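Every chain is numbered from 1 and lettered A, B, ... according to where its sequence line falls, protein lines coming before strand lines. Every value quoted in this text rests on a predicted model; they were computed, and no experiment measured them.
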Amino acid sequence: MSESSRYQPQAIERQWQQRWSDDQLHQTPDAGSHTYMALSMFPYPSGNLHMGHVRNYVITDVIARVARMRGHQVLHPMGWDAFGLPAENAAIERGVDPGAWTDQNIAAMREQLQRLGLSIDWDREITTCHADYYRWTQWLFLQFLDAGLAYQKDATVNWDPVDQTVLANEQVDGEGRSWRSGAVVEKRQLRQWFLKITAYADQLLDDLEGLVGWPERVRTMQANWIGRSRGAEISFPVVDAAGNDSDKQITVFTTRADTLHGVSYVVLAPEHGLVERLTTPDQALAVAAFRDLVSAQSEQERTAEDKPKRGIPIGARVRNPASGELVPVWIADYVLAEYGTGAVMGVPAHDQRDFVFARQYELPVRQVVIPEGSDEHAFEGGAWCGDGILIHSGRFDGLSSASAREAIVAAAEQEGWGRGRTTFRLRDWLISRQRYWGCPIPVVHCDSCGVVPVPAEQLPVELPRGVALEGRGGSPLAQLESWVTVPCPRCGKPARRETDTMDTFICSSWYYLRYSDPHNTSLPFSRESVDRWLPVNQYVGGIEHAILHLLYARFFTKVLRDRGLLGFDEPFQRLLTQGMVQGITYRNPHSGRYIAPADVADPSDPRDPESGERLDTFYEKMSKSKHNGVDPAVVIDRYGADTARMFILFKAPPEKDLEWDDADVEGQYRFLQRLWRLVDGALQRELSLAGLAPGAAALAPADLTPGERELRRAVHGAIAAVSDDLQGEFQFNTAVAELMKLSNAMGEHLEAASPPLAVEALHTLLLLLAPFAPHLAEELWSRLGAPGSVHQQPWPQADPAALVRDTIPLVIQVKGKVRGNLEVPADADKATLERLALGSDIAAKWLEGRAPSRVIVVPGKLVNLVP
RNA sequence: GCGCCCGUAGCCCAAUCGGUAGCAGGCAGGUCACUUAAAAUGACUCCAGUGCGGGUUCGAAUCCCGCCGGGCGCACCA
């Protein structure tokens, strides 16, 4: 018979990848309604596959493979988020063509990806920077334009001085830094294109509730970002010097209409449009100086919470529409022009910021709400910001805050000085970018006709090639006069193309839809295809897109639904946010320098190779600058893709961070070798899966030896456990552990087992292994003579009969403490268990003859005797 | 400041409804076997009482309260 052999992944992996590709094993079926779409967030083609990618795609691959074995028609595609600044920067630095550079990177990365043995349907690959894709990005933009959801406006926007372009709010972090370049953004006044995402704010928020397959924290992050706040707008008429109402008024937004009678001043944002018109001549100079001061501050300085609040009265006064009282108008740096109405009412008694401000400028503090059940609240520490009962509020006295808010809004609406209103923190999405390597915005500016959309049949508006990129700022396209000047599509007179390109997040807001119909040349996708495959059953990607991409994609889906292009509300049914891959990191605590692990002689006592200083050791996200990265290609070269896959899946639960550890990789490699030897041993015995009729289920349990029964229990226990780990929450780490357990049990019992049982065990092992280590499973499947591909087999079913035990160890507790075990029949009822327990030596010893006052019986588990 | 998540052996991690904390699994360590030796392999094995303090319960890693430590989000949003 065959000689024993060694597991050599390098020899088998490429061969199977080729075979699968030749056999079109991963092609998406076009018939059937039992569809399943498994999707990874597509990568930016940097040219280098890193471990984070590997983790992402391996997780999705296992999900796709299991779905296939469970009988679904599976769509598991891949594509490239291929517009973006790295290509343009490479062009500027090295003079290469961004398109060619990107295509090269894609080729390199595709090659690396294919080495992982992913079951991707490459026929559906999409690339966002290719005209056959971005043509439809432009087409969709025109849909937004047509729906009134795309518009231009002058606005204060975030300018990234490093990347030389504007950014959306979502792309600036809490410290005011660009998500890409890390540079602190500047504020600029520019005319820009926006998408009206705020029109969908309510839906985007409300529908989060239905996304039960999403991690709670992603949903909260989005809810926070959208930031709905229900309140009221109240208008304060501006009065003239004599105290009579003028035709002007200041409208404030408040969530605390109940505190209206406590207003002691009204504050405008320094940038508010009314400031100039309302400032009295005697205050004009001071106001101008103050506004200069404020505008000189960065956003960050201005919004720091601990910063003292500064303000100045502008001389005007307004009348409180509820009390008739006249109060002064101020401007202050703590009021933001962009939020609400850019104006607030100052209620020092009931708002901490107003309180601080009032103390500083000696403005009156008037209490109009008292905590329920108390008298007056002392204002030593600050404002009373909770709800309570109204006082000093005229006709609203005695109402609770909640009912007062309603009553005051009702009165305001009736009397015409206010109304209920909801505001959002969410801003419209700024999508213009002053860069070259992006999707051109398909509009033309005509002196006679204004903004004219490029007619759909003229799409794509192709990105001109051979543009000189110098990185000097300003839209590179604007310098290409021959491209810019076009006849107006409407009147034919000379007009100018829009020279900004779109935010690349637009491209990624709909790519998942295109996979359903990637070669469609008359539409971005057909309604039939998109409704057949989408929404995505399982989406997998990094948490860093919790707000950005995931919010934009949800917005797009809703708009396209309203345009009749698709028939669902949400794009991603379930979302798995995988954790980071971290590498061991050494840093010299004095110099702050990162030391590559290869330069650390003794990991148990890490020293700086130059100075000999002791190094700090920790795990951090892999990155070039920290020298803590592990190259997937190196791991695959050494151990094979299956080992890399198994390690990544086993080392940590998918949503947790994973600490890369070479020793553990080695351990996984050993496990796969054990499997190989296990099968090798079976081949020595001339066992075969050729007939594939295990027939073990037909064997009466009574005919089995104890070892065989143990083996069957292990086999079917593993089926049950792995199946369970792979549905609902994905617990790949415990699923792999179950495989190890099974292999351990097989190591123990396989040799002594009769052929049908051994065959059943081997068969099952390979089926369960297939999604995790697809090459090895296929190779062993083939070596055992089984027909076809292991990847086209149905997922195994556990036989409940195999799991049944005759006796179980019953735990005897006395007063909740474990005192011993008793072997009892597995099917014994409560009364029997109680009798057995009470009659046991354990009970006799610990109860010392007393009868228990209480007996708790948990069938199949334990009996607790309480004296 | 507000909200969410996490804390179990030296390390990574398990533990349906609250029901024997690990014959879940792995890494590292130790002993032994095989070997001339080593590697590889196999067998056995050491190690925690679940961050801390209370509470509920017959019984708490699991539920509740308060702390400590770590991570994340939001934060002058009216």
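- Judged by Watson-Crick or G-U wobble contacts below 3.5 Å, the nucleotide B/G10 has B/C27 as its partner.
- Of all the residues in residues 737-751 of chain A, A/Ala737, A/Met740, A/Lys741, A/Asn744 reach under 4.0 Å from RNA chain B with at least one non-hydrogen atom.
- Scanning for side-chain contact (heavy atoms from CB on, under 4.5 Å) contacts around A/Thr341 gives A/Glu233, A/Thr251, A/Phe253, A/Ala343, A/Arg421, with sequence neighbours left out.
- In this structure A/Arg405 satisfies the salt bridge (charged side-chain N to carboxylate O under 4.0 Å, His left out) test together with A/Asp258, A/Asp387, sequence neighbours excluded.
- Evaluation of the salt bridge (charged side-chain N to carboxylate O under 4.0 Å, His left out) test over residues 732-752 of chain A, restricted to residues two or more places apart or in two chains, returns A/Glu738-A/Lys741.
- Using a 30° and 60° split on the angle between ring planes, A/Phe772 and A/Phe732 fall in the perpendicular class, above 60°.
- Atom P of nucleotide B/G25 and atom CE of A/Met646 are separated by 15 Å, given to the nearest angstrom.
- The same atom, C1', is picked in B/C52 and in B/A61; the two are 14 Å apart, to the nearest Å.
- By the 4.0 Å N-to-carboxylate-O rule, A/Asp202 lies close enough to A/Arg228 to be salt-bridged with it.
- In this structure, B/C46 makes no Watson-Crick or G-U wobble pair, since no nucleotide meets both defining distances under 3.5 angstrom.
- Taking the syn range as angles within 90° of 0, the glycosidic angle of B/G49 is syn.
- Projected onto RNA chain B by closest heavy-atom contact, A/Ala663 and A/Gly340 fall at different nucleotides, the more 5' of which corresponds to A/Ala663.
- A heavy atom lying under 4.0 Å from RNA chain B marks the following residues of residues 219-236 of chain A, by number: A/Met221, A/Asn224, A/Ser229.
- Here A/Gly667 lies in heavy-atom contact (under 4.0 Å) with sugar-phosphate atoms only.
- Within the nucleic acid shown, A/Val858 comes within 4.0 Å of at least one base atom, counting heavy atoms only.
- Separating the CG atom of A/Leu551 from the P atom of B/C74 is a distance of 12 Å, rounded to the nearest angstrom.
- Nucleotide B/U20 forms no Watson-Crick or G-U wobble pair with any nucleotide shown, as no partner meets the under 3.5 Å limit on both distances.
- Counting any heavy atom pair closer than 4.0 Å across all strands shown, A/Arg353 reaches a base atom.
- As the counterpart of B/C52, B/G66 is assigned, both hydrogen-bonding distances of the Watson-Crick or G-U wobble pattern falling under 3.5 Å.
- Going from atom CG of A/Asp680 over to atom P of B/U41 covers 15 Å, rounded to whole Å.
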Atom pairs, N/O to N/O, protein against nucleotides 42-44 of chain B, distance under 3.5 Å?
from, atom 1, to, atom 2, distance (Å)
B/G42, OP1, A/Arg677, NH2, 3.4

Close N/O contacts between protein and nucleotides 12-15 of chain B (under 3.5 Å):
from, atom 1, to, atom 2, distance (Å)
B/C12, O2', A/Lys651, O, 2.8
B/C13, O3', A/Asn733, ND2, 3.2
B/A14, OP1, A/Asn733, ND2, 3.0

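- The C1' atoms of B/G10 and B/G30 are separated by 13 Å, rounded to the nearest whole Å.
- Here, B/C68 and B/G51 have their C1' atoms 7 Å apart, quoted to the whole Å.
- In B/C44 the base sits anti relative to the sugar, since the glycosidic angle is further than 90° from 0.
- Scanning for side-chain contact (heavy atoms from CB on, under 4.5 Å) contacts around A/Ser623 gives A/Ser625, A/Lys626, A/Asn628, with sequence neighbours left out.
- With sequence neighbours excluded, the residues that form a side-chain contact (heavy atoms from CB on, under 4.5 Å) with A/Ala837 are A/Ile812, A/Val863.
- Nearest nucleotide to the A/Ile547 side chain, out of B/U41, B/U20, B/C74: B/C74.
- Atom P of B/U50 sits at a distance of 39 Å from the matching atom of B/A39, rounded to the whole Å.
- A straight line from CG of A/Leu649 to C1' of B/G25 spans 14 Å, rounded to a whole angstrom.
- Across the C1' atoms, B/U45 and B/A9 are found 14 Å apart, a figure rounded to whole Å.
- The nucleotide B/U36 finds no pairing partner, because no Watson-Crick or G-U wobble arrangement with both distances shorter than 3.5 Å includes it.
- Rounded to whole Å, the P atom of B/G3 lies 12 Å from the corresponding atom of B/C65.
- Between the CZ atom of A/Phe671 and the P atom of B/A24 there is a distance of 17 Å, given to the nearest Å.
- Closest to the side chain of A/Val818, out of B/C4, B/G19, B/A21, is B/A21.
- Checked by atom type, the side-chain pair A/Tyr552/A/Glu170 shows a donor-acceptor distance below 3.5 Å.
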Listing time: all N or O pairs from protein to nucleotides 55-60 of chain B that are below 3.5 Å?
from, atom 1, to, atom 2, distance (Å)
B/C58, OP1, A/Arg854, NH1, 2.8
B/C58, O2', A/Asn864, ND2, 3.4
B/C58, O2, A/Asn864, ND2, 2.2

What does the list of N/O pairs under 3.5 Å between the protein and nucleotides 31-35 of chain B look like, with a distance for each?
none

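- With sequence neighbours excluded, the residues that form a side-chain contact (heavy atoms from CB on, under 4.5 Å) with A/Ala761 are A/Leu711, A/Val715, A/Met746, A/Leu750.
- Side-chain rings of A/Phe236 and A/Trp417 stay apart, their centers remaining 6.0 Å or farther from each other.
- Checked against a 6.0 Å centroid threshold, the rings of A/Phe357 and A/Tyr265 count as neighbours.
- Base pairing analysis places B/C77 opposite nothing; no Watson-Crick or G-U wobble pair with both distances below 3.5 Å involves it.
- The separation of B/A60 from B/A21, taken at their C1' atoms, amounts to 12 Å, rounded to a whole angstrom.
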